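All remarks here apply to the structure that follows.
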Amino acid sequence: RKRVVVFISGGGSNMMALVAAAKAQDFPAEIVGVISDKPDAGGLAKAAAEGIATYAFARKDYASKEAHEEAIFAALDALSPDILCLAGYMRLLSGTFIQRYEGKMINIHPSLLPLFPGLHTHQRAIDAGMRIAGCTVHFVTEGMDEGPVIGQAAVPVLSDDTADTLAARVLTVEHQIYPQALKLFAEGKVRMEGGKVVRTADASDTTAT
Ligand code: GAR
């Protein structure tokens, strides 16, 4: 099984969806560590309760972004992950970090990329008059939220939606597609090559499953 480290900054519901999926005997990956930049992230206690090693690296404890990332590298070197999953990690990684794990790092973003990269995606989708919204699992590359897409899922935008009600609806499908995308990646059915996603034949007509 591939060794996966998950990065969080908050409640960690996507991280817990990955943990739940990885409990299946035939799942091709196991979650070996959870790293947060927020010591009080709710997801850390949930991961610890599952017996998963947890690490918190508060940015303010380090003099520079480089020093912060060096501390994270030390933890990663001890965990020797095959795959990194960003799951609500709200800090931009440096080019050095991204190059170190190029092709091995995936992210979930709460919009149908390339629409609405960045923050406040749900309010922006509502303001734009979108009738569908959704989420994307993609490989991490140096452009923020620009890496090639592994899987997506869509939900309707309802006329009385607020950013919060839409976020909750999108989150339910995030919890479905992130484990599916990780499974595809961990079993070698999708990979990044020359900045594009390559799929095996049996994974070529899928969104995330
Ligand atoms: C999720 O909606 C995730 O897609 C989003 O943060 C939330 C984390 O929730 N990520 C981003 O906005 C990345 N820029 P969770 O901690 O419950 O998984």
Side-chain angles (χ1 to χ4, degrees), residues 4-22 29 31 33-50 52 54-59 65 72 83-94 97-98 101 105-128 130 132-157 161-183 185 207-208:
V4 176
V5 172
V6 185
F7 282 65
I8 64 168
S9 297
S13 69
N14 277 292
M15 176 273 296
M16 287 302 288
L18 299 177
V19 168
I31 313 305
V34 173
I35 291 177
S36 175
D37 62 328
K38 303 276 183 230
D40 59 352
L44 286 175
K46 295 177 199 162
E50 296 285 337
I52 297 169
T54 61
Y55 306 80
F57 299 97
R59 174 64 181 84
K65 184 180 186 77
I72 295 173
I83 295 173
L84 306 188
C85 287
L86 306 183
Y89 189 68
M90 302 305 280
R91 187 170 293 281
L92 280 181
L93 299 170
S94 70
F97 195 120
I98 290 167
Y101 292 99
M105 182 158 50
I106 65 179
N107 178 47
I108 188 153
H109 181 78
S111 79
L112 292 170
L113 293 173
L115 290 173
F116 311 121
L119 297 177
H120 311 297
T121 56
H122 305 297
Q123 190 59 53
R124 287 158 64 209
I126 290 169
D127 292 347
M130 296 293 295
I132 56 169
C135 54
T136 304
V137 179
H138 64 95
F139 283 102
V140 176
T141 57
E142 285 198 50
M144 184 189 62
D145 299 328
E146 281 180 5
V149 172
I150 300 170
Q152 293 183 309
V155 298
V157 180
D161 265 336
T162 62
D164 285 348
T165 60
L166 180 56
R169 191 174 310 113
V170 170
L171 199 59
T172 62
V173 290
E174 293 186 44
H175 298 160
Q176 295 167 18
I177 71 163
Y178 210 176
Q180 291 167 352
L182 174 58
K183 181 171 191 285
F185 181 36
T207 52

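One-based numbering, in listed order, for ligands and for the atoms of each. What you are looking at is a predicted structure, and each value in this text was computed from that prediction instead of being measured. The first residue in the sequence is number 1, and the count goes up from there.
- Of all protein heavy atoms, the one lying nearest to atom 9 (O) of ligand 1 is N14 ND2, 4.2 Å.
- Of the protein's non-hydrogen atoms, the one nearest atom 15 (P) of ligand 1 is S13 N, 3.4 Å.
- Here's the thing with G12: one of its N/O atoms is less than 3.5 angstrom from an N/O atom of ligand 1.
- The distance criterion of under 3.5 Å between nitrogen or oxygen atoms is not met by N107 with respect to ligand 1.
- Checked by atom type and distance alone, the side chain of S36 never pairs as donor or acceptor with a backbone atom of A56 at under 3.5 Å.
- Put simply, the side chain of D37 never gets that close to the backbone of R59: no donor and acceptor are under 3.5 Å apart.
- Remark: side-chain polar atoms of Q152 are paired, donor with acceptor, to backbone N or O of L113 under 3.5 angstrom.
- Proximity annotation for atom 10 (N) of ligand 1: of S111, S36, P110, P110 comes nearest, heavy atoms only.
- By the criterion of a heavy-atom distance under 4.0 Å, the side chain of L171, and not its backbone, is placed next to ligand 1.
- In this structure, the side chain of K65 engages the main chain of L92 through a donor-acceptor pair within 3.5 Å.
- Distances between N or O atoms of Y89 and those of ligand 1 include no value under 3.5 Å.
- Counting atoms of ligand 1 from 1 in the listed order, those under 4.0 Å from a heavy atom of G11 are 16 (O).
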**Q.** Steps toward side-chain hydrogen bond (donor to acceptor under 3.5 Å, both in side chains) verdict (S13, H175)
**A.** CA-CA 8 Å; S13 69; H175 298 160; 2.7 Å; yes

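- Remark: ligand 1 atoms within the under-4.0 Å shell around heavy atoms of E174 are 1 (C), 2 (O), 3 (C), 4 (O).
- Ligand 1 places these atoms under 4.0 Å from at least one heavy atom of G88: 6 (O), 8 (C), 10 (N).
- Under a 3.5 Å cut-off, the side chain of R124 and the backbone N or O of L119 do form a donor-acceptor pair.
- Distances from atom 13 (C) of ligand 1 to the heavy atoms of H175, M16, M90 show the closest one on M90.
- Paired with L86 under the rule side-chain contact (heavy atoms from CB on, under 4.5 Å), one option of N14, L93, I106, I108 passes, and it is L93.
- T121 places a side-chain N or O within 3.5 Å of a backbone atom of P110 that can act as its donor or acceptor partner.
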